[in-house]
Amino acid sequence: MPEETMRVVTQTEGGTVTIAPEGDVDLARSPTLRAALRQALAAKPQRLVVDLTGVDYMDSSGVATLVEALQTARRGSTRLVLCAMKERVRSIFEIARLDGVFTIVDSREKAATA
């Protein structure tokens, strides 16, 4: 039976908070990511970067978690940037046409200025 939790690493530097989930973001694990995103957004950072380097798979609950975070970020005037998506994850955003809604960049370095 797969592990039901995921590791989420959070780093703060200046006005930027970076969240880096590790593992699949699915129905069982998306609440962990949601909690980390809510906590980060409660601090009202200037920029929230979600580094998806460690995510090989994301289902609709993971996408919904990120959409919710984007809405919260916009209300709080926080810039939300997704970076380092693997092709499998990026294709989900493209199919749902969310690649035009989110700011998506290739690397954490580019996310700092996106």
Side-chain angles (χ1 to χ4, degrees):
M1 187 165 163
E3 189 177 323
E4 295 299 320
T5 60
M6 72 182 309
R7 184 166 180 247
V8 179
V9 178
T10 304
Q11 175 186 351
T12 303
E13 186 176 317
T16 300
V17 174
T18 303
I19 291 183
E22 297 175 1
D24 294 348
V25 182
D26 57 17
L27 186 60
R29 295 175 192 92
S30 60
T32 303
L33 178 59
R34 179 176 283 116
L37 290 166
R38 284 182 177 166
Q39 182 176 357
L41 287 166
K44 300 204 181 294
Q46 294 172 355
R47 179 181 310 268
L48 175 59
V49 175
V50 182
D51 183 341
L52 297 169
T53 303
V55 177
D56 292 320
Y57 171 79
M58 182 179 294
D59 69 7
S60 60
S61 66
V63 173
T65 297
L66 291 174
V67 168
E68 177 186 313
L70 179 62
Q71 292 169 336
T72 303
R74 286 181 173 168
R75 283 194 300 270
S77 299
T78 295
R79 178 106 168 118
L80 184 120
V81 181
L82 306 180
C83 72
M85 276 186 184
K86 293 185 175 155
E87 191 56 41
R88 184 176 180 190
V89 175
R90 189 176 188 105
S91 68
I92 295 165
F93 281 78
E94 290 170 354
I95 290 167
R97 298 190 180 200
L98 291 171
D99 56 329
V101 175
F102 283 91
T103 301
I104 302 172
V105 296
D106 295 335
S107 67
R108 199 181 275 203
E109 291 76 27
K110 289 182 181 177
T113 58

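Note that the structure is a prediction, hence the values are computed from the model and not measured.
- With C83 as the fixed residue, the side-chain contact (heavy atoms from CB on, under 4.5 Å) test singles out one of V50, T18, V49, I104: V49.
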- Query: How far apart are the C-alpha atoms of L80 and L82, what are their side-chain angles, what is the distance that settles it, and do they pass the side-chain contact (heavy atoms from CB on, under 4.5 Å) test?
  - Reply: CA-CA 7 Å; L80 184 120; L82 306 180; 4.0 Å; yes
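- Distance check, rounded to the nearest 0.5 Å: OG of S107 to CG of D51 gives 9.0 Å.
- For the pair L27 and S30, the tightest heavy-atom approach, listed with the atom from each and the gap, is O-OG, 3.7 Å.
- Contact annotation: the side chain of L48 approaches that of L37 to within less than 4.5 Å [non-hydrogen atoms, C-beta and beyond].
- Taking all atoms of both residues into account, the shortest heavy-atom contact from P21 to L52 is CG-CD2, 3.9 Å.
- Annotation: the span from R79 atom CZ to L70 atom CG amounts to 10.0 Å, rounded to 0.5 Å.
- For the atom pair CD (E94) and CD (E87), the distance works out to 6.0 Å, reported to the nearest 0.5 Å.
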Q) Run the salt bridge (Lys or Arg N to Asp or Glu O under 4.0 Å) check on D99 and R90 step by step: do they pass? A) CA-CA 8 Å; D99 56 329; R90 189 176 188 105; 5.7 Å; no
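- Side-chain atoms of R47 come within 3.5 Å of backbone atoms of A114 as a donor-acceptor pair (strictly under, hydrogens ignored).
- Side-chain contact between D56 and K86 is present, with at least one heavy-atom pair separated by less than 4.5 Å.
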Determine all donor-acceptor pairs shorter than 3.5 Å in which one atom belongs to a side chain in residues 38-45; sequence neighbours excluded.
| from | atom 1 | to | atom 2 | distance (Å) |
| --- | --- | --- | --- | --- |
| R38 | NE | E68 | OE2 | 3.1 |
| R38 | NH2 | E68 | OE2 | 2.8 |

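- In this structure, CG on L98 lies 10.5 Å from CD1 on I92, to the nearest 0.5 angstrom.
- Here the straight-line distance linking atom CZ of R7 with atom OG1 of T32 works out to 13.0 Å at 0.5 Å rounding.
- Both F93 and V101 are part of a single hydrophobic cluster, where members link through side-chain heavy atoms under 4.5 Å apart.
- Checked against side-chain hydrogen bond (donor to acceptor under 3.5 Å, both in side chains), K110 has no partners two or more places apart in sequence or in another chain.
- If you chain together hydrophobic residues whose side chains sit under 4.5 Å apart, F102 and V17 fall into the same group.
- In the hydrophobic clustering of ILVMFWY residues, with side-chain heavy atoms under 4.5 Å counting as a link, V55 and V8 come out together.
- For the pair D24/M6, no side-chain contact is recorded, criterion being any heavy-atom separation below 4.5 Å from C-beta on.
- I19 is connected to V63 through a chain of hydrophobic side-chain contacts under 4.5 Å among Ile, Leu, Val, Met, Phe, Trp and Tyr, so both are in one cluster.
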